[in-house]
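Everything below concerns the one structure shown next.
Lettering of chains follows the sequences in order, A, B, ..., and the numbering in each one begins at 1.
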There are 2 protein chains.
Amino acid sequence: MADVARLAGVAISTVSRALANPGRVNEKTRAKINAAARQLGYTPNAMARGLRVGKSNIIMIILPGSLYYGASQVIPQVLQSINKSLIQGGYNLMIANLDRDEISERHILDLAFGGSVRGAIILSSKLPEVDGRSLANSGLPIVSMLLDMSDAGLQSVVTNDREAVRDVTAELIRLGHRRFFYLAGPEGNYHDVERYGGVLEALEAAGLSEDLVHRSGGHLDYQHGFDIGVQAADDFAELTEKPTAVIATSDDMAISFVSRIQRTGLSIPGDVSVVSFDGSPVCEFCSPPLSTIKQPVEEMGRAAVDLLFDAIGQRQNTATVRTVIRSSLILRESIAAPKN
Amino acid sequence: MADVARLAGVAISTVSRALANPGRVNEKTRAKINAAARQLGYTPNAMARGLRVGKSNIIMIILPGSLYYGASQVIPQVLQSINKSLIQGGYNLMIANLDRDEISERHILDLAFGGSVRGAIILSSKLPEVDGRSLANSGLPIVSMLLDMSDAGLQSVVTNDREAVRDVTAELIRLGHRRFFYLAGPEGNYHDVERYGGVLEALEAAGLSEDLVHRSGGHLDYQHGFDIGVQAADDFAELTEKPTAVIATSDDMAISFVSRIQRTGLSIPGDVSVVSFDGSPVCEFCSPPLSTIKQPVEEMGRAAVDLLFDAIGQRQNTATVRTVIRSSLILRESIAAPKN
DNA sequence: CGGTTTTTGGCAAACGTTTGCTATAAGCTG
DNA sequence: CAGCTTATAGCAAACGTTTGCCAAAAACCG
């Protein structure tokens with residue numbers, strides 16, 4: 001920096017001001033300084049700046065260690081959209097994986113308390129906490145995405161899962177379906193609660209009994225979505241009175257489920273209608289093309305980043321704690337009226 | 001840190017030594033120091049350390065901005081495996097997206113030259129370079145993954161694309177196929193060159209003419225893999241003499257291609273055999289299940305990190321510049337002998 | 001041209017570590 | 001207990017910025 005100052009013929013403090021907060025220096029000298037910096041190939045040292053200012057410009061995203069269940073399909077898009085928004089605000093994105101072991105928790109806490117990161121976006125249902133240090137009271141702005149953690153006081157960006165599932169279930173009922181097969185992810189998980197709740201609400205609204213829906217899957221939370229679908233197909237095969245409509249909580253499990261039951265001679269949507277969750281692009285090219293509830297992940301990513309920026313900007317944590325972004329049903333050929 | 005020292009009854013320098021390089025301090029006092037640190041909820045400031053030591057503990061992964069083509073399916077696995085390996089070595093993973101605009105290039109260069117990162121893993125074919133600053137001469141250890149950039153002097157971790165495609169093409173020839181349809185990604189891309197080269201090699205080895213293979217796709221590099229497959233299906237429909245075997249350079253395009261040509265009444269593998277590249281889990285559940293050449297991405301990720309660690313450890317850049325990890329063909333029902 | 005505002009220069013402290021140095025203390029050996 | 005090795009204390013410099021302060025210079029105004 002001293003070199004740049006010398007070459008530009010200005011003081012070192014002026015260089016700093018020109019590069020960091022562009023307001024406080026004359027436009028003409030700023031141009032001169034930039035030219036000098038470019039000529040010398042100078043780039044300010046981020047760590048020195050961070051140390052002095054007391055803030056980093058890194059945001060960490062906390063991914064569940066086993067992102068297999070469902071989420072895997074949408075992760076790249078989430079990452080892309082979040083990173084894009086962050087960069088526009090001058091921030092960088094760091095990845096942190098939260099496994100079920102203490103090591104990864106400790107690692108995340110080190111990041112948080114060591115001043116490495118300025119905020120976090122969390123896609124996991126559990127806040128790391130060990131040895132009295134907890135992410136919750138790290139003082140870091142945190143926003144949760146996909147999962148509603150407003151109970152824990154976290155700004156949350158979610159879709160209207162319950163409502164979406166309720167609507168699609170209602171539509172299936174309207175078409176004449178009366179026996180349902182619900183393909184669950186990890187049991188008790190926010191998504192499971194909401195989505196299954198949506199199914200039940202629709203049944204109730206139609207004056208139907210909860211017994212009409214058979215739950216399958218959801219025993220393990222580290223399972224690959226495809227595996228869940230395969231197991232569920234076995235489960236389905238055992239049923240004497242076959243359900244005519246399947247509601248799956250992720251595209252992955254729907255895809256493998258469909259593949260397996262087609263092999264047993266059943267046809268979609270002739271014998272069974274299927275709808276799932278996520279909106280993976282691949283659904284369009286399945287046979288038959290799968291109906292799916294599309295999660296607007298790009299939009300959610302942007303919203304999460306905006307909330308984070310708000311939280312960083314002001315010391316007060318804002319009141320609104322839950323942002324709902326509407327998902328949309330993509331209707332394809334996998335849904336029809338039941339046979340008779 | 002001073003507080004910790006006071007509580008533990010030792011000097012501040014001893015605390016530093018105990019926490020940073022554990023060798024130089026007595027085990028007993030180290031335990032005392034750790035206890036004090038835990039009690040006080042103390043975590044060393046990473047930026048201060050980084051500044052003093054002159055090195056960061058962050059590795060950046062440079063992803064192509066449009067990771068749509070093909071790669072999208074494997075990115076989460078790549079990220080997971082790389083991050084896991086990095087953390088074991090005490091490093092963190094930062095994401096950088098390399099788009100075709102100057103902004104993103106500049107951004108990456110700022111990261112590199114600003115001392116923010118200690119090394120890079122690059123999954124893009126182009127090294128950012130602007131204003132005389134180039135990633136190549138940033139002094140940073142860099143390893144390329146998926147793409148062979150050993151020409152540019154970069155350690156590269158790749159699969160044996162050419163060989164794998166050659167083998168599977170030879171197998172198709174053996175089955176009796178004589179007309180081929182090659183579904184290309186971005187033209188001139190390393191993968192395209194290698195894979196197409198593999199096709200040609202197999203033809204030549206069998207004494208067949210290059211004219212037997214029809215190329216499709218590969219005009220744009222920002223296309224979603226699925227779109228390429230859709231377009232290629234239109235392309236395919238126009239051909240008077242239909243090829244009997246399709247070799248696709250990513251699973252995505254194979255999936256959408258298959259979906260579309262099945263709709264025109266053709267059957268797989270009856271009328272057309274299909275094989276593709278990537279090894280996405282979803283292939284198993286397509287109808288028919290797709291044969292695919294599986295890229296061992298976890299293994300590649302580990303290898304890339306190991307190479308990076310080697311490069312960080314020593315000042316000399318090691319001689320070997322290309323690491324090949326063998327891919328494996330997963331044979332499924334989408335391949336059969338041609339009809340007559 | 002005197003007075004006022006804006007911009008810059010120069011200085012120095014601060015951010016929280018690490019690390020080389022010397023000196024002291026502690027522990028061990030015979 | 002002398003002589004040796006090992007561990008720690010205490011000090012201070014350094015890493016590369018930012019930023020508050022005040023003075024100096026420049027620009028602007030009427």
Side-chain angles (χ1 to χ4, degrees), chain A residues 1-37 40-58 90 92 109-118 138-139, chain B residues 1-37 40-58 90 92 109-118 138-139:
Chain A
M1 190 149 137
D3 295 345
V4 175
R6 205 173 312 124
L7 180 59
V10 301
I12 184 170
S13 43
T14 309
V15 174
S16 171
R17 280 184 259 264
L19 265 36
N21 37 337
R24 306 206 9 90
V25 53
N26 192 347
E27 182 56 37
K28 227 172 60 188
T29 54
R30 204 172 69 95
K32 206 165 51 183
I33 288 169
N34 280 333
L40 264 54
Y42 167 78
T43 309
N45 182 299
M47 288 193 299
R49 171 178 293 175
L51 175 59
R52 171 62 227 243
V53 178
K55 318 171 165 154
S56 115
N57 68 339
I58 300 177
N92 290 115
L109 290 169
D110 284 349
L111 249 22
F113 285 87
S116 298
V117 306
R118 186 83 173 81
S138 63
Chain B
M1 190 148 137
D3 295 345
V4 175
R6 206 174 310 123
L7 179 59
V10 301
I12 185 170
S13 43
T14 309
V15 174
S16 171
R17 280 185 258 263
L19 264 38
N21 37 336
R24 304 204 15 87
V25 54
N26 191 348
E27 182 55 38
K28 228 172 59 186
T29 54
R30 204 171 70 94
K32 206 165 52 183
I33 289 170
N34 280 333
L40 263 54
Y42 167 78
T43 309
N45 183 298
M47 287 193 299
R49 171 178 293 176
L51 175 59
R52 170 61 227 241
V53 178
K55 319 172 161 150
S56 116
N57 68 339
I58 301 177
N92 290 114
L109 289 169
D110 284 348
L111 248 23
F113 285 86
S116 299
V117 305
R118 186 84 173 81
S138 63

Picking from [options], which would you name as closest to the side chain of [X]?
X: A/Ala11; options: D/dG16, C/dT19, C/dG10; value: C/dG10
X: A/Arg17; options: C/dC21, D/dG20, D/dT17; value: D/dG20
X: B/Thr14; options: C/dG20, C/dT8, D/dT8; value: D/dT8
X: B/Ser13; options: C/dT8, D/dG10, D/dT19; value: D/dG10
X: A/Leu51; options: C/dG16, D/dT17, D/dT19; value: C/dG16
X: B/Ala48; options: C/dG16, D/dT8, C/dT8; value: C/dG16

For residues 42-50 of chain A, which side-chain donor-acceptor pairs fall under 3.5 Å, sequence neighbours excluded?
unit_1	atom_1	unit_2	atom_2	d
A/Thr43	OG1	B/Arg133	NH1	2.6
A/Asn45	OD1	A/Met47	N	2.8
A/Asn45	OD1	A/Ala48	N	2.8

Could you check how far [atom1] of [X] sits from [atom2] of [N], rounded to whole Å?
X: B/Lys55; N: C/dT17; atom1: NZ; atom2: P; answer: 19 Å
X: B/Lys32; N: D/dA7; atom1: NZ; atom2: P; answer: 15 Å
X: B/Arg49; N: D/dG16; atom1: CZ; atom2: P; answer: 18 Å
X: A/Asn57; N: C/dC15; atom1: CG; atom2: P; answer: 21 Å
X: A/Met1; N: D/dG16; atom1: CE; atom2: C1'; answer: 8 Å
X: B/Tyr42; N: C/dT17; atom1: OH; atom2: P; answer: 3 Å
X: A/Leu19; N: C/dT8; atom1: CG; atom2: P; answer: 14 Å
X: A/Met47; N: C/dA14; atom1: CE; atom2: P; answer: 23 Å

Legend entry - Short side-chain N/O contact from B/Thr29 to OP1 or OP2 of D/dA7, under 4.0 Å: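 B/Thr29 to D/dA7 OP1/OP2: no side-chain N or O under 4.0 Å.
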
Legend entry - Pairwise 5' ranking along DNA chain D for B/Val10 and A/Val15, keeping only the more 5' one: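 Its nucleotide being nearer the 5' end, the pick is B/Val10.
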
Inset, instruction - Between A/Asn45 and B/Lys28, just flag the one whose closest nucleotide in DNA chain D comes earlier from the 5' side. - result: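 Nearest-nucleotide comparison on DNA chain D picks B/Lys28.
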
Inset, instruction - Report the C-alpha separation of A/Val15 and A/Leu19 in whole Å, then their side-chain angles, then the decisive distance to 0.1 Å, and conclude whether the side-chain contact (heavy atoms from CB on, under 4.5 Å) test is met. - result: CA-CA 6 Å; A/Val15 174; A/Leu19 265 36; 4.0 Å; yes

Please find the pair of heavy atoms, one from [X] and one from [Y], that lie closest to each other, and give the distance.
X: A/Met1; Y: A/Ile12; value: CE-O, 3.4 Å
X: A/Val4; Y: A/Leu40; value: N-CD2, 3.8 Å
X: A/Ala36; Y: A/Ala8; value: CB-CB, 3.9 Å

Inset, instruction - Mind checking A/Gly114 for me? I need base, sugar-phosphate or nothing, with any heavy atom below 4.0 Å counting as a touch. - result: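 No contact.
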
